[in-house]
Amino acid sequence: PLLFAVTTGLRSADPAALDLMAVVHAPAWEVVRRVRLPYSLPYLFSATRTCVGLALIGAVLAEWYALVDQGLGEPARH
């Protein structure tokens, strides 16, 4: 989800801002830094929120289905 959201965000930049950067002959890194990255931040934050939840669910399920006697944070039993 994070990759798709960031890609969508980078492509969602305002065409007028991109045209302005083309008129002033801005290098590609400057276009990314000043136009594309700020437009992609809302997409990045919403995808990060989704990915954190999915990662927590994945960790719980992985520990549940691993069929081990102890969890990741528990000390070893003797």
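Here the structure is a predicted model, which means the values were calculated and not measured.
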Testing the basics here: between [X] and [Y], what is the closest heavy-atom pair and its distance to 0.1 Å?
X: Leu2; Y: Ala47; value: CD1-CB, 3.7 Å
X: Arg34; Y: Met21; value: CB-CE, 4.2 Å
X: Val35; Y: Ala13; value: CG1-CB, 3.9 Å
X: Ser40; Y: Gly9; value: CB-C, 3.5 Å

Atom CG in Leu44, atom OG1 in Thr8: separation rounded to 0.5 Å?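 Rounded to the nearest 0.5 Å, the CG-OG1 separation comes to 12.0 Å.
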To the nearest 0.5 Å, what is the distance between CG (Asp14) and CZ (Arg36)?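 CZ of Arg36 is found 11.0 Å from CG of Asp14.
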ILVMFWY network linking Leu41 to Leu10, side-chain heavy atoms under 4.5 angstrom: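 Yes, one cluster joins them.
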Phe45 and Val6: same hydrophobic cluster, using ILVMFWY side-chain contacts below 4.5 Å?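 Linked, Phe45 and Val6 end up in one cluster.
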